[in-house]
2 protein chains.
Amino acid sequence: MKKENLSNTHNDIKKLLKKHNLKMTPQRAAIYNEIVGSKEHPATVKIFKKVREVFPNISFDTVNRTLSTFVDIGLIKSVEYSGESRRFDPNTKKHHHFICVKCGRIIDFESREFDNLNIPEDIKKRYEVLEYKVTIEGICDRCKK
Amino acid sequence: MKKENLSNTHNDIKKLLKKHNLKMTPQRAAIYNEIVGSKEHPATVKIFKKVREVFPNISFDTVNRTLSTFVDIGLIKSVEYSGESRRFDPNTKKHHHFICVKCGRIIDFESREFDNLNIPEDIKKRYEVLEYKVTIEGICDRCKK
DNA sequence: CTACAATTAGGAATCATTCTTATTTAAGAT
DNA sequence: ATCTTAAATAAGAATGATTCCTAATTGTAG
């Protein structure tokens, strides 16, 4: 019997929510059930539509708010830095980014090592690789104070 | 005297635009002047406001459209995969992403090598690093056909 | 079981982006 | 220099994503 079977899931989230002084609600359970195991990195609308099938009255706001909550407590992750407005970079030379998770500041940096990584063979075989970069997330000097 | 002084800029863009059958306009020049040399990875609204100071009648649409054009011809880059809706990942284990630039599909992959990169010393010194990941951009198997 | 604080639904509001259309303009040809 | 025309622009409407507001509901501690 596997350690993490579905019957444990509910209690696991409940525990995690409790740790953050948050309540377990049927909506939260439904949203979690929808997203867990999903391999397709769904957008909020997609999750909303799916959850609506089993929870016809749930509002978009609830789904959206709940997803943010889940990200805050580390239950799921938000992919990349999407969701904000598009931002531009006049620097077209190869470089990498440090992004401050507090203020959103994006700082360029260069690294010989990062410029010369070996792309995994199975990726190169299956897909056409155009470019890659390393993105470091953290807290910038200004926000540390 | 530096090679790339400002007087060349105008002609350089003009040449690049021409290569793509696009016209040089004062709006495009103003937008480029605003973004070039900018270290802060500005969002569209910010660029719009700045350009408006010297070009009071320019529309937001023009700025936005022009920025997309600049990205298309490789004059600037769009940072990360922002601009779309937020997308979520229930996989909180360390992993990396391949993003298809055609369909936007995000594919997880794991790599021992990528998991153990050496973060540059000056980054570690100046900022608090929380995590990092490698993002590969390219064309996925479905879109290659 | 009760009370209270947290959570929810629903709709309005906000923000970013794109579309539509009429007008203007850049740039090659005369 | 002027003409021609395809491309680009301004302005506002439309769309899409997200967040805010408020009243009603619900989970949970006591």
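Side-chain atoms are counted along with the backbone in the values below, which use heavy atoms only and exclude waters and symmetry mates. Convention: sequence-line order gives letters A, B, ...; per-chain numbering from 1.
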Visitor: Between H20(A) and D72(A), do the side chains contain an N or O donor and an N or O acceptor separated by less than 3.5 Å?
Guide: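 The criterion, which ignores hydrogens and geometry beyond distance, is not satisfied for D72(A) and H20(A).
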Visitor: Could you tell me the separation between the NZ atom of K19(B) and the C1' atom of dA7(D), rounded to a whole number of Å?
Guide: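 Spelled out: NZ on K19(B) to C1' on dA7(D) is 20 Å.
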Visitor: What is the distance, to the nearest angstrom, from the CG atom on L22(A) to the P atom on dG27(D)?
Guide: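 Nearest whole value for this atom pair: 15 Å.
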Visitor: Using only atom types and a distance under 3.5 Å, with no angle test, would you say the side chain of R28(A) pairs donor to acceptor with the backbone of L22(A)?
Guide: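 Not a single qualifying donor-acceptor pair exists.
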Visitor: Given the rule in the salt bridge (charged side-chain N to carboxylate O under 4.0 Å, His left out) test, do R105(B) and D141(B) qualify, once you have shown the distances and angles that lead to the verdict?
Guide: CA-CA 11 Å; R105(B) 193 151 69 106; D141(B) 47 351; 2.7 Å; yes
Visitor: Which of the following nucleotides, dT18(D), dG10(C), dA8(D), is nearest to the side chain of S59(A)?
Guide: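 For S59(A), the side-chain atoms sit closest to dG10(C).
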Visitor: If I take atom NE2 in residue H20(B) and atom P in nucleotide dA8(D), what distance separates them, rounded to the nearest angstrom?
Guide: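 About 13 Å, once rounded to whole Å.
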Visitor: Within a reach of under 6.0 Å around NZ of K50(A), are more than 12 heavy atoms found that belong to other residues, nucleotides or ligands?
Guide: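 Result for NZ/K50(A): open.
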Visitor: Is E131(A) salt-bridged to K94(A), going by a charged N under 4.0 Å from an acidic O?
Guide: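 Answer for the salt bridge query: no.
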Visitor: Scan side-chain atoms only and decide if D115(A) and H95(A) contain a donor-acceptor pair under the 3.5 Å cut-off.
Guide: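 Side chains of D115(A) and H95(A): no pair found under 3.5 Å.
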Visitor: For DNA chain D, whose closest nucleotide is more 5', that of N57(B) or that of K23(B)?
Guide: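 Nearer the 5' end of the strand: K23(B).
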Visitor: Between D61(B) and Q27(B), which residue's closest nucleotide on DNA chain C lies nearer the 5′ terminus?
Guide: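 Looking at the nearest nucleotide for each, D61(B) comes out on the 5' side.
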Visitor: Take the protein atom CG of N21(B) and the nucleotide atom P of dG28(C), then report the distance between them rounded to whole Å.
Guide: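 Roughly 11 Å, once rounded to whole Å.
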Visitor: Nearest whole Å is fine: how far is dA7(D) C1' from L17(B) CG?
Guide: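 The distance from CG of L17(B) to C1' of dA7(D) comes to 12 Å, rounded to the nearest Å.
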Visitor: Please report, rounded to the nearest Å, how far the P atom of dT26(D) is from the CZ atom of R28(A).
Guide: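 Rounding to the nearest Å, CZ of R28(A) and P of dT26(D) are 15 Å apart.
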Visitor: Under 4.0 Å from any atom of DNA chain D, heavy atoms only: list the residues of residues 40-55 of chain A that qualify, in numerical order.
Guide: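 Those residues are T44(A).
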Visitor: Contact class for P26(B) (heavy atom, under 4.0 Å): base, sugar-phosphate, or nothing?
Guide: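 Sugar-phosphate, backbone atoms only, no base.
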Visitor: Rounded to whole angstroms, how far apart are CZ on R86(B) and P on dG16(D)?
Guide: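 Taking CZ of R86(B) and P of dG16(D), I get 19 Å after rounding.
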Visitor: Is the distance from OP1 or OP2 of dA27(C) to the nearest side-chain N or O of K18(B) less than 4.0 Å?
Guide: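 So the side-chain polar atoms of K18(B) never come under 4.0 Å of the phosphate oxygens OP1 or OP2 of dA27(C).
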Visitor: My understanding is that only residues two or more places apart in sequence, or in another chain, count here; which of them pass ring pair (Phe, Tyr, Trp, His ring centres under 6.0 Å) with F88(A)?
Guide: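 Residues passing ring pair (Phe, Tyr, Trp, His ring centres under 6.0 Å) with F88(A): none at all.
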Visitor: With a 4.5 Å cut-off on side-chain heavy atoms, are N33(A) and V54(A) touching?
Guide: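 When only atoms from C-beta onward are counted, N33(A) and V54(A) do not touch, as no gap falls below 4.5 Å.
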Visitor: Is there a residue in residues 62-70 of chain A whose heavy atoms reach under 4.0 Å of DNA chain D, and which residues are they?
Guide: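 N64(A), in order of number.
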Visitor: Under 4.0 Å between a side-chain N or O of T25(A) and OP1 or OP2 of dT8(C)?
Guide: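 For dT8(C), OP1/OP2 do have a side-chain N/O of T25(A) under 4.0 Å.
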Visitor: Using atom CZ of R87(B) as one end and atom C1' of dT18(D) as the other, report the distance to the nearest whole Å.
Guide: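 Value for this atom pair: 17 Å.
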Visitor: Enter the distance from T69(A):OG1 to L75(A):CG here, rounded to the nearest 0.5 Å.
Guide: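 T69(A) atom OG1 to L75(A) atom CG measures 10.5 Å (nearest 0.5 Å).
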